[in-house]
There are 2 protein chains.
Amino acid sequence: MEIYNLILKNINKHITLTREEEEHFISILTYKEIPKRTTILAEGQICNQLSYIHSGALRSYCLDEGGKESTIMFAMADWWLTDMYCFLNEKPSMTFIETIEDSIVFNLSKNNFDHLFTAIPGFERFFRILMQNAYTREQLRTIENLTLKAEERYYRFLNKYPQMAGKVTQKQIASYLGITPEFLSGIRKKQLRRE
Amino acid sequence: MEIYNLILKNINKHITLTREEEEHFISILTYKEIPKRTTILAEGQICNQLSYIHSGALRSYCLDEGGKESTIMFAMADWWLTDMYCFLNEKPSMTFIETIEDSIVFNLSKNNFDHLFTAIPGFERFFRILMQNAYTREQLRTIENLTLKAEERYYRFLNKYPQMAGKVTQKQIASYLGITPEFLSGIRKKQLRRE
DNA sequence: AAATTATCTTAAGGTAGTTTAAGTTATTCT
DNA sequence: AGAATAACTTAAACTACCTTAAGATAATTT
């Protein structure tokens with residue numbers, strides 16, 4: 001099937017599958033078309049799906065006691081997304097996941113995820129590399145949060161995710177950077193004056 | 001060898017090795033005794049070792065342009081530690097790693113790490129799970145840094161790493177929390193007054 | 001044991017980021 | 001298209017956290 005070329009290419013970056021393995025893998029995915037601004041995972045639900053984003057864009061975030069949002073990550077086409085801790089440990093989700101625009105995702109259930117490793121051991125390697133990348137990316141974010149001021153973090157964000165910057169609201173960017181929308185507005189004004 | 005029981009138990013939590021596999025794995029480790037306050041990795045060096053900490057405690061940190069330290073992680077007995085990004089990509093290290101106390105570590109070189117996966121494919125699974133845990137831990141830290149005030153982060157740190165709290169200086173704790181030692185001192189004073 | 005050096009504390013003054021509130025501009029819904 | 005809702009901006013007052021500097025305490029070196 002044509003539409004699965006993208007995800008197969010994603011996997012082929014790290015491991016090689018036989019024709020049968022590819023077919024098996026695709027057979028355990030569930031195809032979902034999701035309109036924009038749809039919540040596909042809410043806090044408290046059991047998170048039993050790992051989503052590959054075929055097209056579109058999504059966002060995961062959490063709420064603190066006061067109702068303040070923090071964006072955990074933005075995810076676009078060809079990325080994987082879930083509440084990883086809760087997916088792996090089958091705990092009620094601590095996060096929300098919603099579409100930013102109309103999206104097509106392929107879901108892999110926790111059950112199929114677990115069995116995939118016995119059916120096709122090569123996937124251990126694939127997900128090892130995926131987790132490595134996620135870990136090192138997350139660690140870099142920690143360091144940037146600790147060492148940089150909001151203004152510098154904002155410019156690095158624009159630089160790292162230029163496609164995202166156009167799709168998401170500034171409120172969402174602010175909540176990713178850990179600042180208020182008002183403060184971000186000030187940063188942007190400063191930039192405009194310079195141009 | 002008696003001394004390798006701890007690391008084998010660590011690995012056995014996630015995968016099962018045959019006797020020969022255990023022996024092969026141990027044979028590629030290099031044993032190191034390191035006195036306290038020794039830098040085992042400096043910024044700019046190629047980081048080609050992944051360290052398992054048999055005993056003792058270590059810390060990894062980075063320096064910004066102004067020379068300000070940020071502690072990336074504290075690591076104690078039975079933990080794995082390296083500059084993961086630079087280890088995996090064979091880049092010059094962006095971080096420093098130093099012993100906090102006299103330590104014994106077993107080093108796995110990048111070369112042996114790479115070959116380990118073909119020699120004993122089960123290690124793909126082991127390191128997948130290791131990376132998963134590192135990733136989800138790091139993501140939790142990001143969220144806490146974004147949503148919590150320094151005081152609350154300090155108490156969670158004490159709670160999560162009670163053994164560490166006694167071993168490291170407050171300057172180091174402050175640099176892990178992303179605050180100045182002076183500000184941490186103020187937080188501690190507040191706590192003392194309450195008791 | 002003394003001297004040196006690093007850590008920890010205290011306090012005053014400064015800056016980065018927040019809060020609240022009001023007004024403006026987009027989006028979404030009917 | 002008009003009404004409703006959410007996003008974005010502006011500004012003033014506030015708070016969390018930083019900077020600098022000095023003195024006290026602890027650890028390390030000689």
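Values reported hereafter were calculated over all heavy atoms of this structure, with side chains retained and with hydrogens, waters and symmetry mates removed. In what follows, chains carry the letters A, B, and so on, assigned in the order in which the sequence lines appear, proteins first and then strands, with residues in each chain numbered from 1.
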Nucleotide nearest A:Glu182 when distance is taken to its side chain, options C:dG17, C:dA11, C:dT20
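The closest nucleotide is C:dT20.
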Which residues satisfy the side-chain contact (heavy atoms from CB on, under 4.5 Å) test with [X], sequence neighbours excluded?
| X | value |
| --- | --- |
| A:Ser185 | none |
| A:Leu140 | A:Glu144, A:Lys160 |
| A:Pro162 | none |
| A:Glu23 | A:Arg19 |

Would a 4.5 Å heavy-atom cut-off, applied to side chains only, mark B:Val105 and B:Leu58 as touching?
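Yes, their side chains come closer than 4.5 Å.
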Residues within residues 149-175 of chain B bordering DNA chain C, heavy-atom distance below 4.0 Å
B:Thr169, B:Gln170, B:Lys171
Check each residue of residues 61-74 of chain A for a non-hydrogen atom within less than 4.0 Å of any atom in DNA chain C, then write out the ones that pass by number, or none.
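Hits under 4.0 Å, by residue number: none.
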Who pairs with B:Phe25 by ring pair (Phe, Tyr, Trp, His ring centres under 6.0 Å), at least two apart in sequence or on another chain?
B:Phe123
Please enumerate all residues that pass ring pair (Phe, Tyr, Trp, His ring centres under 6.0 Å) together with B:Phe87, with sequence neighbours excluded.
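Counting only residues at least two positions away or on another chain, B:Phe87 forms a ring pair (Phe, Tyr, Trp, His ring centres under 6.0 Å) with B:Phe113.
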Tell me whether [X] is salt-bridged to [Y], with the criterion being a basic N under 4.0 Å from an acidic carboxylate O.
| X | Y | answer |
| --- | --- | --- |
| B:Arg128 | A:Glu124 | yes |
| A:Glu151 | A:Arg188 | no |
| A:Glu152 | A:Arg156 | yes |
| A:Glu138 | B:Arg141 | no |
| A:Glu98 | A:Arg37 | no |

Atom-pair distance (CZ on B:Phe183; P on C:dT7), nearest Å:
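From B:Phe183 CZ to C:dT7 P: 21 Å.
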Given atom CD1 of A:Ile100 and atom C1' of C:dT27, what is their separation to the nearest angstrom?
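The distance from CD1 of A:Ile100 to C1' of C:dT27 comes to 16 Å, rounded to the nearest Å.
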Could you write out each protein N or O paired with an N or O of nucleotides 28-30 of chain C at a distance under 3.5 Å?
residue: C:dT28; atom: OP1; partner: A:Arg37; partner atom: NH1; Å: 2.5
residue: C:dT28; atom: OP1; partner: A:Arg37; partner atom: NH2; Å: 2.6

First contact, last contact: which nucleotides of DNA chain D are these for chain B, 5' to 3', heavy-atom distance under 4.0 Å?
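First and last nucleotides in contact are D:dA16 to D:dT28.
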hydrophobic_cluster_shared for B:Ile7 and B:Phe127, side chain cutoff 4.5 Å
yes
Could you tell me whether the side chains of B:Asn112 and B:Ser109 share a donor-acceptor contact shorter than 3.5 Å?
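Side chains of B:Asn112 and B:Ser109: pair found under 3.5 Å.
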Could you tell me whether the phosphate oxygens of C:dT9, OP1 or OP2, come under 4.0 Å of any side-chain nitrogen or oxygen in B:Arg188?
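True: B:Arg188 side-chain N/O within range (under 4.0 Å) of C:dT9 OP1/OP2.
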ring-ring contact (aromatic ring centres under 6.0 Å, His included): which pairs involve residues 169-189 of chain A, sequence neighbours left out?
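For residues 169-189 of chain A: A:Phe74-A:Tyr176, A:Phe157-A:Tyr176.
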When the rotation axes relating C1' atoms of four end pairs to the next four are compared across the helix from C:dA1-D:dT30 to C:dT30-D:dA1, five pairs an end, they differ to 10° by 60°
